[in-house]
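A note on names: the letters A, B, ... follow the listed sequences, proteins ahead of strands, and every chain is numbered from 1. Bear in mind the structure is a predicted one, so any value in this text is a computation, not a measurement.
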Amino acid sequence: MPQEERTIVKSASAAEEPNREDRGRDERYNPHQIEEKWFKRWQQDSSLYAAEPHSSKPKYYVLEMLPYPSGALHMGHVRNYAIGDALARYMWMNGYNVLHPMGWDSFGLPAENAAISAKVPPREWTLRNIANMKAQMKRLGFGYDWSREITTCLPDYYKWNQWFFLKLYRRGLAYRKKSKVNWCPKCATVLANEQVVGGCCWRHEDTPVEQRELEQWFLRITNYADELLRDLDRLPGWPEKVRIMQRNWIGRSEGTLVDFRLDGPSGEKISVFTTRVDTILGATSVQLAPQHTITEKLAAADPELRKKVDQLIAEQAKAKETGDIGNIEKHGVNTGHFAINPYNGEKVPVWVANYILMDYGTGAIMSVPAHDERDFEFAKKYGIEIRQVIEPSVARAPSPAKEVSDKSVRPTQSGEMPFTTLAFAEQKGFGKATVTFRLKDWGISRQRYWGTPIPMVYCDEDGVVPVAEKDLPVILPENVEITLTGGSPLVQVPEFLNTTCPKCGGLARRETDTMDTFVDSSWYFYRYTDAHNERAPFDSKIAGYWFGEKGIDQYIGGVEHAILHLIYSRFWTKFMRDLGLIKNSEPVERLFTQGMVIKGGAKMSKSLGNVVAPDEMIARFGADAARMYSLFAAPPDRDLDWQESGIEGIQRFLSRLYRFVAKNAHPNDAAWNKSIPTELSPEARAIQRKLHQTIKRVTDDFQGRWHFNTCIAATMELVNELYSSEIVGERASSPAIPLSLLADVQRNLVLLLAPFAPFLAHELWEMLGGKSSLLKAPWPKYDPELAKEEEIEIPVQVNGKLRGKIVIAPGVGEEEIKQRALADEKFQSYIAGKQIVKVIFTGKLVSIVVR
RNA sequence: GCCGGGAUGGCGGAAUUGGCAGACGCGCUGGACUUAGGAUCCAGUGCCGUAAAAGGCGUGCAGGUUCAAGUCCUGUUCCCGGCACCA
């Protein structure tokens, strides 16, 4: 690592103190030297972070989301992995058998883009990036079990994607359908609806998505829609925020499908979905999405209408583009045709409107202006009749009752009608109760090279035929030219394309589409448990051990994956359960979503020029400081504003700690390992008390709230106390404290910091004479007796205002405390001559109320 | 527009159950050490006020409940994230 050596030299010279004898070189904290030393040692022992296959210890599976190997880690990764690593180390120290793996989500478009721009084959580019990022992770000291590393773009992994696909196909959960798909002209590929951001490609945010019709493979995630929804209630370890987002994404809605008919010789059906079939007599128009098939037909015969519809489509696209579809200025056009209300035979006008979305429900609605605000707004704008048919009318709309026309049906109470109207519809056969979901089937076909080949074959004789399991994997060919033109590059590879039919042995074509990379990440965490299995994706027993009944103990990642990745993973888990591979129904018991790393209030981005590179931070401050700062600057669930001066502060703290231990470690002294005397001087006792209070605070904040920032702050306080103490700090000429206590304080302090700054902690542990490995040294315990204060300050309020404090010994009774407060001279000016209404003591504070 | 989260000193943040607002870090000010300090150590640092005190004000804004509110309630503004006019 020549680059790092250079920085070591640089930083050493920057802090150089030529020929100063008063401070030995040993006392200066040199993170690069320390980190290099431990880096080398840890390199030599691959079993260090390995999970035990058979263990009497309780298991703990801690997982961070695997990265896409884009080339280098960014600060968001560092933060994510610093959180996970701190937790893994904490659990190791608490005696758990910890599984803490890492891998690479290594299929995907950027590799193809790199192939085009840099002329590097995707595989080579990807593997090079992986090597670089893996080195960065090791340099940062993250404790992963690399023997379980998975790389999704390699055949030993993607073979099982194909295997799963065949299972899905056999169960009818994978199917082909022709459908309009989102087409990104830049990627020259199809995007899932979920991958469209504001009408634009999620990767090319300024490229509007076009619509094309293609034959696609879909996975029937909707078969699991109800279960995916229901089980959200069984995930108390997930942030409420994420559960709500998923609930909204699934979007279950109970209502009625009603068939209107187009008035005219064709009498075509117009199905509408409504949750308020009880208002159907108030329907005064039917509204179609601009892309509706009936819209298309009517427009085909009417050039004027065609023009207007095209404009509506353009408006809708524009609104989607700006992400403002929810706020679209409503426009519509009257087709001049009518639809027949099946309930009363009434003819109502058929409109086409820009706010009706083709991809929700049936793409058509009945418009009931008196009982729906949006319909009301539209009707007012275009002068469509508003007819109230039930009580009450639309909430908050300005009294539409006034505009009820002569044709009003007598209003009934809301809720009276749905049952009878629905029953009537079902009896007459023009409507039925329906549950719709917003969730759509998962389109996984990609017209890309760098992905898992879909293991299907097209034969002129036998049609669509699955590849035989024994012939897996279908290997992705190498040396493929990537072009930007549409269609999959695999079409251009005859050796791949041309094959034989598994059924008849005749000539056949392979499927040239590859799979969405969300397939890879939907089940990767099971593979970690048994990463080298060649006969199955994983062994059920082994996965069963690590997943238990509830899944991964703790999953940590960015909130941006709250919906897609996490809902696909949940679906895949349920599917694998139904296959009999696993017992758990959910993949993740506890989920943690960390905040973003920002700089100057803005997301880090190349265009803003505010990107902070981890390598640079490591070079300047060391890995420990970089990791620790990312935990200190904010609680982990909040956004973190990266401040250079902040990480300098952390480095200062680590230096302070290092110097203290360098000066106060005396492991060869006979008194060092003796037991701590029970009788201590008040000064020594104060240090001991602070230590035990610190252990309590760090443990509580780590365990309960994950507020690593306050954990670290607590250890800072302890170090400050040590420095300012009269008996050990700089002020003390020689330590006037029992060496055994001095040893105890330092050892515990180092243990408390081990999850956050592993390099320095190991170095100091060694300096303190630690023999066993720090990694699995037991987490410190505090003694509540030793943590107890000897005197307690009780604040005293008079009429709600703080007026001073009294000092009491622990154990003094409530009455005495009240009396002491009332009698105290300090408060006489506030209470003398006034009537004391009451005195409150709550255990923390005395409150005197006077009149 | 809907859903979710947030707003606390000059800055990042702390305050875990309604009980001392501002822990810890940064920055700033002063001092010590020093040829030097951008190293290190010590002290101070919410705002107004004062020679110093006393005193007053203070958690986006306006109200409310309470002996007591950053924390609970009602209303409201702004910022961030997500989204779906979802019928």
Just one of Phe621(A), Phe653(A), Phe756(A), Trp642(A) clears the ring-ring contact (aromatic ring centres under 6.0 Å, His included) bar with Tyr629(A), so which one? Trp642(A)

When the [atom1] atoms of [N] and [M] are considered, how many whole Å apart are they?
| N | M | atom1 | result |
| --- | --- | --- | --- |
| G60(B) | U71(B) | P | 8 Å |
| U66(B) | C72(B) | C1' | 10 Å |
| U40(B) | C33(B) | C1' | 8 Å |

Is there, by distance only and without an angle test, a donor paired with an acceptor across the side chain of Lys838(A) and the base of C67(B) below 3.5 Å? no

Can you tell me whether the side chain of Ser645(A) and the base of C26(B) have a donor-acceptor pair closer than 3.5 Å? no

Which of these nucleotides, [options], is closest to any side-chain atom of [X]?
| X | options | value |
| --- | --- | --- |
| Ser253(A) | C67(B), A87(B), A23(B) | A87(B) |
| Val849(A) | C67(B), C3(B), G19(B) | C67(B) |
| Arg659(A) | U40(B), G19(B), G4(B) | U40(B) |
| Lys241(A) | G4(B), G12(B), C42(B) | G4(B) |
| Glu793(A) | U40(B), C67(B), C20(B) | C20(B) |
| Asn354(A) | C85(B), C42(B), G4(B) | C85(B) |
| Phe632(A) | G27(B), C67(B), C24(B) | C24(B) |

What residues, two or more places apart in sequence or in another chain, satisfy ring pair (Phe, Tyr, Trp, His ring centres under 6.0 Å) together with Phe378(A)? Trp351(A), Tyr355(A), Tyr382(A)

Which protein N or O atoms sit under 3.5 Å from an N or O of nucleotides 14-16 of chain B?
unit_1 : atom_1 : unit_2    : atom_2 : d
A14(B) : OP1    : Asn709(A) : ND2    : 3.0
A15(B) : OP1    : Arg705(A) : NH1    : 2.7
A15(B) : OP1    : Arg705(A) : NH2    : 2.5
U16(B) : O4'    : Arg705(A) : NH1    : 3.4
U16(B) : O4     : Asp701(A) : OD1    : 3.4

Assuming nearest nucleotide by heavy-atom distance, tell me which of Met245(A) and Gln797(A) is located more 5' along RNA chain B. Gln797(A)

Take Asp639(A) and Lys801(A), find for each the nucleotide of RNA chain B with the closest heavy atom, and name the residue whose nucleotide sits nearer the 5' end. Asp639(A)

As its Watson-Crick or G-U partner within any shown strand, both distances under 3.5 Å, A43(B) has U29(B)

Nucleotide forming a Watson-Crick or wobble pair with U76(B), both distances under 3.5 Å: G60(B)

For Lys818(A), is the NZ atom crowded, meaning more than 12 foreign heavy atoms sit under 6.0 Å from it? yes

Regarding G49(B), purine or pyrimidine glycosidic angle vs 90° from 0 gives anti

Side-chain N or O of Arg28(A) less than 4.0 angstrom from OP1 or OP2 on A39(B)? no

